[in-house]
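Naming convention: chains lettered A, B, ... in sequence-line order (proteins, then strands); numbering from 1 in each chain.
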Protein chains: 2
Amino acid sequence: MWQCQGVSRPDAPAGAVRQGSLREWNLAVVLGRIAAADHPPSRAGLAAETGLTRATVSAVVEDLVAGRLVTEAEPTPRTGAGRPARGLVLAADGPAGLGLEVNVDYLAACVVDLAGRVRHHTVHRADLRPLTPAEALRRLVELATRARAEAAREGLTLAGAALAVPGLVDDAGLVRLAPNLGWRDVPVPALLAGHPPLTASVDGVPPLVVENEANLAALGELHAGPDGAASFLHISGEVGIGAGIVLDGSLFRGARGWSGEIGHIPLHPDGPACRCGGRGCLETYTGQEAILAAAGLAGADLPADTATTRLAELAEGGEPAVLRALHHAGSALGVAVAGVVNLLDLDTVVLGGGYAPLAAWLRPPVLTEISHRVLTAAWSPVTVRPAVLGAEAAAVGAAGSVVRRILARPAGWLTHRG
Amino acid sequence: MWQCQGVSRPDAPAGAVRQGSLREWNLAVVLGRIAAADHPPSRAGLAAETGLTRATVSAVVEDLVAGRLVTEAEPTPRTGAGRPARGLVLAADGPAGLGLEVNVDYLAACVVDLAGRVRHHTVHRADLRPLTPAEALRRLVELATRARAEAAREGLTLAGAALAVPGLVDDAGLVRLAPNLGWRDVPVPALLAGHPPLTASVDGVPPLVVENEANLAALGELHAGPDGAASFLHISGEVGIGAGIVLDGSLFRGARGWSGEIGHIPLHPDGPACRCGGRGCLETYTGQEAILAAAGLAGADLPADTATTRLAELAEGGEPAVLRALHHAGSALGVAVAGVVNLLDLDTVVLGGGYAPLAAWLRPPVLTEISHRVLTAAWSPVTVRPAVLGAEAAAVGAAGSVVRRILARPAGWLTHRG
DNA sequence: GCTATTTGTTCAGTGGTTGAATTATTTGAC
DNA sequence: GTCAAATAATTCAACCACTGAACAAATAGC
């Protein structure tokens with residue numbers, strides 16, 4: 001991922017702790033509490049929660065309000081005795097994140113505000129495989145420009161952008177390989193060089209981060225889903241199968257950001273050849289094409305997004321071949337997931353992307369395999385649930401990652417804003 | 001794991017940052033640099049490294065020296081111009097950690113000082129399967145008492161203990177299941193209740209932490225191995241196969257501390273039944289018994305520790321059946337490891353425990369499978385190497401975890417010491 | 001012996017938190 | 001309608017830990 005500082009809580013200052021770090025840290029702590037609260041907290045409440053004094057919280061909040069990150073909520077009428085609390089909420093007109101996505105059959109752009117609300121969302125459907133990367137990115141910039149204008153109209157300031165790509169991305173933003181897109185060694189930042197809003201670095205923060213689609217989809221799920229800061233595996237079942245691993249509320253990216261290639265976990269070591277060069281990879285059993293073929297829809301040549309809808313319809317109608325195909329796919333997926341759970345001791349598995357609409361049929365066989373194969377299943381059940389976000393998960397997650405960076409390090413934003 | 005606060009760098013204070021946190025943090029930063037340095041650093045050098053002023057570093061070091069965590073090294077004669085630096089080293093007579101291990105055919109105790117040196121080590125060989133857990137732990141306490149006396153003789157103060165168990169351990173120290181030991185639901189802390197040195201909690205720090213053997217072995221390898229703070233998978237090939245996952249220099253324990261059960265990753269979903277209830281688990285192909293059987297040594301009934309030695313001897317001698325067995329085992333292991341690397345994007349895999357002496361024969365097939373099955377193998381080679389520590393890895397890792405906790409949070413130790 | 005150089009300490013200054021007192025704003029009792 | 005109780009938020013002197021600069025200490029080289 002290109003210059004990504006990580007997406008979760010403020011980093012442990014590996015080096016020193018200068019004096020100002022204290023305030024920087026407390027800005028992040030207080031802002032984080034405001035973001036995590038379900039009801040607008042008061043200064044006094046924050047003080048009690050954090051252990052800071054009310055004096056300190058007041059000072060910190062003053063900074064946050066001055067920096068347009070936080071505003072005071074409408075006073076709620078009935079509170080009880082005493083001076084009524086002034087609730088604090090994340091600013092609805094402060095900085096926002098721009099999320100972009102290039103995928104096989106669509107481009108997407110969205111804007112997410114500090115509170116995580118999706119304020120704008122456009123999808124441009126088109127088969128991108130015939131296009132050159134440069135042309136695809138040109139169209140993406142059009143979408144981004146429109147999103148930027150839309151954001152400005154709502155009083156939002158875009159603080160950065162993240163781009164989701166269904167492939168392996170380098171630290172330098174180079175897309176090493178995006179098999180389903182047909183991309184190989186595409187230098188995204190260089191190709192976007194002529195578009196200042198996406199390239200001009202502000203205050204050391206890179207304006208555009210390029211990251212794997214499955215990872216960003218997992219992030220989207222993390223912020224949109226029911227568990228605030230849990231650990232889970234988010235599986236994006238598209239043409240290929242990717243996964244994002246969230247551990248303790250933060251994305252685990254691996255040594256080079258290439259974690260989550262669950263589609264190439266060997267399932268039958270001597271099984272059919274996979275295009276990755278291996279044999280019997282999970283993808284050859286539960287990839288979209290494999291499921292369609294098993295369901296007898298191989299030749300239908302449906303667009304990727306309607307294929308899963310069609311499968312769900314047929315399954316709903318009780319079509320035996322489809323039900324059988326989904327059961328098989330679910331079992332295969334379950335075997336792989338059982339291995340992952342044995343390895344990582346996760347308590348939640350999220351079926352996302354194209355798997356989400358099929359979750360009703362995939363879930364039972366997945367659970368069966370887990371219960372048979374996970375050593376600790378007896379003591380601690382594993383939750384398997386469909387994703388909350390649909391196809392837009394990656395773009396929303398991308399935009400969310402920008403916003404989360406500000407929430408995690410508000411001091412950077414404040415000093416930069418003057 | 002029983003009340004373990006994690007073993008790596010100082011935690012991000014999730015809650016508040018009070019004023020004193022600053023000093024606490026800098027104590028940890030400076031101490032960490034002293035621990036990580038290969039030559040005793042000077043105060044001035046530390047100031048340059050950390051970005052703190054020399055004044056601050058002096059004050060911090062003064063605290064550390066007063067707390068007996070750091071001492072000034074012997075002045076080195078030739079330094080160059082200027083006032084000679086006074087090198088700082090971790091105290092050799094400060095706090096130390098007690099590491100304990102219960103395994104199938106031995107008990108072990110060791111003492112590791114702040115600098116990570118093993119100052120004492122005893123192994124008591126005996127088949128523990130016939131013993132009751134209480135009797136086994138009684139013998140362990142004997143070893144621990146002797147180790148404690150030995151530590152005192154060398155001027156060391158034991159700051160806590162950690163116990164490695166080949167099984168699944170609860171947050172409360174309950175050993176849920178240790179199949180090869182024949183333990184089930186053994187409440188270790190309760191059984192040790194009569195032994196104050198292992199149970200009297202000092203300053204909120206639990207005196208004894210119970211943790212999975214594979215996890216602690218990985219920690220031992222982390223501190224003893226060549227890469228200071230890398231990410232790797234450490235595989236302990238014993239009767240069962242366990243693994244410890246180290247990510248960015250800290251152990252990943254999973255939601256309940258039950259991560260690393262690599263032995264039960266499904267390899268052939270319809271393969272032979274495993275005692276875990278699943279089918280075709282890795283362990284049924286590369287567990288010690290499976291390898292011995294494949295090598296034609298099934299009936300030999302060797303003690304566990306000599307079995308691998310014997311295998312290595314025979315392989316060294318070119319015995320075809322043994323070479324074939326090891327190649328098969330290595331291939332199976334490689335398939336599983338390829339899945340793990342695809343999932344986690346690790347750059348290093350360590351063959352530990354019983355696999356270490358066999359690494360010469362296991363490594364090539366493992367590498368072959370990785371190169372064929374890991375999607376990113378082309379861009380970033382995966383290192384597969386034998387473990388540095390041998391059978392003592394878990395006990396040393398256990399003792400090391402105690403010491404690391406002090407290094408990570410020196411403030412706790414200092415206030416406790418007065 | 002003198003100078004250059006580097007280490008470590010001292011000390012006034014400053015930023016940010018602390019704790020108590022004060023002010024502000026509401027509810028409820030008389 | 002007034003006052004007491006209760007809760008929220010601000011003010012302000014004190015304090016803690018870091019900063020920066022000046023200074024003392026200790027050595028090598030000339």
Practice prompt. May I ask you to evaluate whether A:Arg83 reaches the phosphate of C:dT27, defined as a side-chain N or O under 4.0 Å from OP1 or OP2?
Written response: no
Worksheet item: Expressed in angstrom and rounded to an integer, what is the separation of B:Glu62 atom CD from C:dT9 atom C1'?
Response: 10 Å
Discussion item. Taking B:Arg43 first and then B:Glu72, would you say they form a salt bridge - that is, a charged N and a carboxylate O separated by under 4.0 Å?
Written reply: yes
Worksheet item: Contact class for A:Ala44 (heavy atom, under 4.0 Å): base, sugar-phosphate, or nothing?
Response: sugar-phosphate
Fill in: Atom-pair distance (CZ on A:Arg23; P on D:dC18), nearest Å
17 Å
Worksheet item: Looking for any heavy atom pair under 4.0 Å, which part of the strands does B:Ser58 touch: base, sugar-phosphate only, or nothing?
Response: base
Worksheet item: Between the main-chain N or O of A:Ala255 and the side-chain N or O of B:Ser231, is there a donor-acceptor pair closer than 3.5 Å?
Response: no
Worksheet item: Whole-Å distance between C:dT25 P and A:Arg86 CZ?
Response: 8 Å
Worksheet entry | Nearest-angstrom distance from the residue atom CG of B:Leu46 to P of C:dT7 | 11 Å
Practice prompt. Quickly work out the B:Trp25 CH2 to C:dG16 C1' distance and round it to whole Å.
Written response: 18 Å
Worksheet entry | Closest to the B:Asn26 side chain, choosing from C:dG8, D:dC18, C:dG19 | D:dC18
Practice prompt. Spell out, as yes or no, whether a donor-acceptor pair under 3.5 Å connects the side chain of B:Asn26 to the backbone of B:Val29.
Written response: no
Worksheet item: Within less than 4.0 Å of OP1 or OP2 of D:dT10, is there a side-chain N or O belonging to A:Arg43?
Response: yes
Worksheet, complete the sentence: Quick note, A:Pro84 side chain, CB onward, closest among C:dT10, D:dA26, C:dT25 is C:dT25
Worksheet item: Just by modelled atom types, is the A:Val388 backbone N or O under 3.5 Å from a matching donor or acceptor in the A:Glu221 side chain?
Response: yes
Worksheet entry | Closest listed nucleotide, where the reference is the side chain of A:Leu22 and the choices are D:dC18, D:dA28, C:dG16 | C:dG16
Discussion item. Using a 4.0 Å heavy-atom cut-off, does A:Thr56 contact any base of the nucleic acid, only the sugar-phosphate backbone, or nothing at all?
Written reply: base
Practice prompt. Taking only the side-chain nitrogens and oxygens of A:Ser42, find out if one of them lies under 4.0 Å from OP1 or OP2 of D:dT7.
Written response: no
Response to the item:
Ranking D:dA8, D:dA17, C:dT18 by distance to the side chain of A:Ala55, first place goes to C:dT18
Discussion item. Is any side-chain heavy atom of A:Leu219 closer than 4.5 Å to one of A:Ser401?
Written reply: yes
Worksheet item: Base, sugar-phosphate alone, or nothing: which one does B:Arg54 contact when heavy atoms must sit under 4.0 Å apart?
Response: base
